[in-house]
Amino acid sequence: MTQEELFKKLIAHSKEYGFIFPSSEIYDGLSAVYDYGQLGVELKNNIKKYWWDSMVKLHDNIVGIDAAIFMHPRTWEASGHVGAFNDPLIDNRDSKKRYRADVLIEDWLAKQDEKIAKEVEKARKRFGENFDEGQFLSTNARVLEVGGKRDEMHRRMVEALTANDLEALRQVIVDCEIVCPVSGTRNWTEVRQFNLMFETKIGAAADGASTIYLRPETAQGIFVNFLNVQKTGRMKIPFGIAQIGKAFRNEIVARQFIFRMREFEQMEMQFFVRPGEEMPWYEKWKETRMSWHRALGFGDARYRFHDHDKLAHYANAAADVEFEFPFGFKEVEGIHSRTDFDLGNHQKFSGRKIQYFDHETGESYVPYVVETSIGVDRMVLQVLSASYAEEKLDNGEERVVLRIPAPLAPVKVAVLPLVKKDGLPEVAAEIIESLKFDHATQYDEKDSIGKRYRRQDAIGTPFCITVDHQSLEDNTVTIRHRDTMEQQRVAITDLPQIINNKVTMRNLFAKLK
RNA sequence: GCGGAAGUAGCUCAGUUGGUAGAGCAUUAGCCUUCCAAGCUAAGGGUCGCGAGUUCGAACCUCGUCUUCCGCUCCA
């Protein structure tokens with residue numbers, strides 16, 4: 001089976017068993033929006049709990065908040081999203097290809113640099129050891145011409161981008177005589193802005209309603225509450241603020257199932273440190289976060305770091321944790337050293353002093369921030385794609401099994417009477433009663449026992465408890481393990497403890513570094 | 001947004017030259033009572049993605065539209 005086939009099966013399986021549905025399906029769906037079903041929501045909640053507890057419960061210097069999705073519009077000016085989240089796009093009419101205008105120009109600039117470098121190389125060969133590069137660059141006519149134009153175009157591009165002047169930006173493309181790499185023509189459309197932030201209105205239109213945005217990231221809710229939390233929580237640097245919440249991005253193309261959605265959920269922790277101490281913390285959090293992923297037991301080889309060369313406007317270091325999905329290694333989490341960019345800008349834009357007085361050093365400063373930001377939906381997809389397996393059994397039959405780590409499984413225990421008579425269902429019902437306040441349970445008496453095991457395998461239930469005739473005599477039942485399909489006989493009274501030991505989150509926390 | 005492919009029951013799919021829609025699995029009820037699914041009986045479930053058009057008649061032909069997948073493009 002190819003990875004592509006596997007991915008398709010996973011999508012079908014997710015729908016068939018109630019994990020993930022296309023949104024508004026009865027109206028033909030809504031592009032790149034999905035709903036979580038009865039099992040999907042359990043899985044997702046368990047993932048969130050694993051993250052939340054590993055951050056907030058296990059660290060006495062990390063606390064959580066839940067900020068609103070709506071934020072003051074100025075927030076997004078301070079964060080840089082109003083400027084940087086707008087991509088200027090241009091289409092070539094012949095090839096029908098779309099490009100980012102500034103990227104086209106950047107490419108052209110790079111080509112000019114290459115030209116100059118080639119001239120230098122040629123001259124070096126000609127003059128040999130006597131070659132003076134500095135003099136050559138400042139006197140050679142060809143180099144001066146190319147370089148001069150390059151610098152002028154670069155200046156105009158920066159000007160146009162800063163002023164948000166789309167027409168000027170297009171003129172730069174025209175003047176550079178940039179051709180489409182595909183069609184080779186210069187038949188360009190206008191430059192258009194594509195805003196990745198969703199807009200809506202607050203207040204009645206008649207009263208001068210103002211435009212507000214659905215947050216494109218949850219981080220800003222933490223930054224604007226920095227002082228509130230630090231002061232009311234008596235937090236001392238270094239400390240962190242964690243948050244789980246929805247964010248929204250109007251992506252040009254959003255695809256690959258729930259990997260890239262327009263509405264998605266983030267789990268973010270912003271860790272505030274002394275200026276200058278951010279790099280050790282950045283390294284520490286990279287390690288901590290990687291161990292969190294690897295504790296799930298999907299195999300260390302399926303994870304890797306991708307260190308960013310090109311940094312976002314706020315960062316001085318950034319890395320992704322990538323997981324090997326059926327469609328390749330892709331980002332599931334980002335660890336960014338955000339410097340004092342965010343707090344500093346909020347200080348500037350709000351006019352409020354956002355600083356921390358450090359009693360140890362006696363200094364007041366804007367803290368630096370190390371961010372860990374993980375996509376909940378990508379985690380769901382990671383768990384599903386790593387867990388899905390089709391196995392050939394000894395008897396020649398096949399089974400589909402989701403090997404979801406027990407603490408994350410949507411259903412922990414299924415209780416099954418071997419037959420639905422002779423008082424076995426009644427015993428099963430009692431067992432459910434003893435477990436259901438602590439664990440997600442299911443009861444099933446329909447069809448043969450083997451079939452019921454398969455159904456539980458398909459949704460990833462780690463344990464099946466089977467009540468048989470012996471149970472009536474000695475108050476024991478069998479526990480059947482999903483992964484090995486082996487069974488063991490235990491006393492009914494021991495069940496709560498046995499199950500609890502097997503499904504507790506502690507089993508994951510124990511593997512964390 | 002472009003190009004290609006696709007959309008028929010919960011799932012996987014069939015459906016002939018245009019003649020009022022089928023299978024397997026799944027579901028529900030009953031029978032059977034059996035520790036690794038697919039025994040027996042019965043039932044429910046589809047305005048064939050949506051909307052127009054052509055036609056006496058459209059799942060099938062034409063146009064539009066929506067959605068999904070693949071490739072490009074894009075991606076804090």
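First the proteins, then the strands, lettered A, B, ... as listed; each starts at 1.
- When the P atom of B/A76 is taken as reference, atom CD1 of A/Ile335 falls 17 Å away, rounded to whole Å.
- Atom OH of A/Tyr453 and atom P of B/A38 are 14 Å apart (whole Å).
- Between A/Phe327 and A/Tyr27, the residue anchored closer to the 5' end of RNA chain B is A/Tyr27, taking for each the nucleotide with the nearest heavy atom.
- Looking only at side-chain heavy atoms (C-beta outward), A/Lys412 and A/Phe463 stay at 4.5 Å or farther from each other.
- Using a 4.0 Å heavy-atom cutoff across all strands shown, A/Ile449 reaches sugar-phosphate atoms only and no base atom.
- A salt bridge does not link A/Glu159 to A/Arg156: none of the charged side-chain nitrogens sits closer than 4.0 Å to a carboxylate oxygen.
- Note on A/Arg480: a base of the nucleic acid sits closer than 4.0 angstrom, heavy atoms only.
- Across B/C35, B/C11, B/A37, the shortest atom-to-atom separation from the side chain of A/Glu397 is found for B/A37.
- Whole-Å rounding puts the A/Asn316 CG to B/A76 P distance at 17 Å.
- Nucleotide B/U68: paired with B/A5 (Watson-Crick or G-U wobble, both distances less than 3.5 Å).
- When the C1' atom of B/U34 is taken as reference, atom CG of A/Leu418 falls 7 Å away, rounded to whole Å.
- Annotation: side chain of A/Trp76 is in contact with side chain of A/Arg215 (closest heavy-atom distance under 4.5 Å).
- Only the C1' atoms considered, B/G49 is 16 Å distant from B/C60, to the nearest whole Å.
- Atom CZ of A/Phe21 is separated from atom C1' of B/G10 by 9 Å (rounded to the nearest Å).
- Base pairing of B/A26 is not made with any nucleotide, judged by Watson-Crick or G-U wobble geometry with both donor-acceptor distances under 3.5 Å.
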Could you go step by step and tell me if A/Arg399 and A/Asp457 meet the salt bridge (charged side-chain N to carboxylate O under 4.0 Å, His left out) rule? CA-CA 8 Å; A/Arg399 74 162 180 164; A/Asp457 287 341; 2.9 Å; yes
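- The side chain of A/Arg455 places an N or O atom within less than 4.0 Å of a non-bridging phosphate oxygen (OP1 or OP2) of B/U27.
- To the nearest whole angstrom, the two P atoms, one in B/A43 and one in B/A14, are 27 Å apart.
- With hydrogens and angles disregarded, a donor-acceptor distance shorter than 3.5 Å links the side chain of A/Glu268 to the backbone of A/Ala219.
- Comparing B/A37, B/G10, B/U33 by their closest approach to the side chain of A/Lys420 singles out B/U33.
- In terms of polar N and O atoms assigned as donor or acceptor, the side chain of A/His81 comes within less than 3.5 Å of the base of B/A76 in a complementary pairing.
- For A/Lys451 and B/A26, the shortest distance from a side-chain N or O to OP1 or OP2 is below 4.0 Å.
- B/A59 and B/C48 have their P atoms separated by 7 Å, with the value rounded to a whole Å.
- Between the C1' atom of B/A26 and the NZ atom of A/Lys446 lies a distance of 11 Å, rounded to the nearest Å.
- The side chain of A/Ser448 lies closest to B/A37, out of B/A37, B/C36, B/C70.
- Taking atom P on both B/G24 and B/A9, the two are 16 Å apart, rounded to the nearest angstrom.
- For B/G45 and B/C11, the C1' atoms lie 14 Å apart once the distance is rounded to whole Å.
- Shown are A/Asp377, A/Ile374, A/Ile47, A/Thr218; of these, the side-chain contact (heavy atoms from CB on, under 4.5 Å) with A/Glu265 is made only by A/Asp377.
- Base pairing of B/G39 is made with B/C31, judged by Watson-Crick or G-U wobble geometry with both donor-acceptor distances under 3.5 Å.
- Atom CZ in A/Arg378 sits about 11 Å away from atom C1' in B/A76, given to the nearest Å.
- Here A/Lys8 lies in heavy-atom contact (under 4.0 Å) with sugar-phosphate atoms only.
- Residue whose closest nucleotide on RNA chain B sits further toward the 5' end, between A/Arg338 and A/Val33: A/Val33.
- As rounded to the nearest Å, B/C66 and B/C25 have C1' atoms that lie 30 Å from one another.
- Checking B/C74, B/C69, B/A76 against the side-chain heavy atoms of A/Arg260 singles out B/C74 as nearest.
- Following rounding to the nearest Å, A/Glu486 (CD) and B/C35 (C1') show an atom-to-atom distance of 14 Å.
- For B/A26 and B/C35, the C1' atoms lie 23 Å apart once the distance is rounded to whole Å.
- At the phosphate of B/C66, neither OP1 nor OP2 sits under 4.0 Å from any side-chain N or O atom of A/Ser31.
- B/U34 and B/U47 have their C1' atoms separated by 44 Å, given to the nearest Å.
- At the heavy-atom level, A/Thr478 lies under 4.0 Å from base atoms of the strands shown.
- The residue A/Glu398 sits close to a base: some heavy atom pair falls under 4.0 Å.
- Residue-level contact check: A/Asp468 touches the bases, meaning some heavy atom is under 4.0 Å from a base atom.
- Between A/Asp444 and A/Lys451 there is no salt bridge, since no side-chain N of the basic residue sits under 4.0 Å from a carboxylate O of the acidic one.
- Across all strands, A/Glu25 comes closer than 4.0 Å to no nucleic acid atom at all (heavy-atom distances).
- Across all strands shown, B/G51 is found opposite B/C63 as a Watson-Crick or G-U wobble partner, with both distances under 3.5 Å.
- Partners of A/His439 by ring pair (Phe, Tyr, Trp, His ring centres under 6.0 Å), not counting sequence neighbours: none found.
- Distances from the side chain of A/Glu16 to the nucleotides B/C69, B/G10, B/C35 place B/G10 closest.
- Pair check for B/G46 finds none; no Watson-Crick or G-U wobble contact set falls under 3.5 Å.
- Of the candidate nucleotides B/U33, B/A76, B/C36, B/U33 has the atom lying nearest to any side-chain atom of A/Val419.
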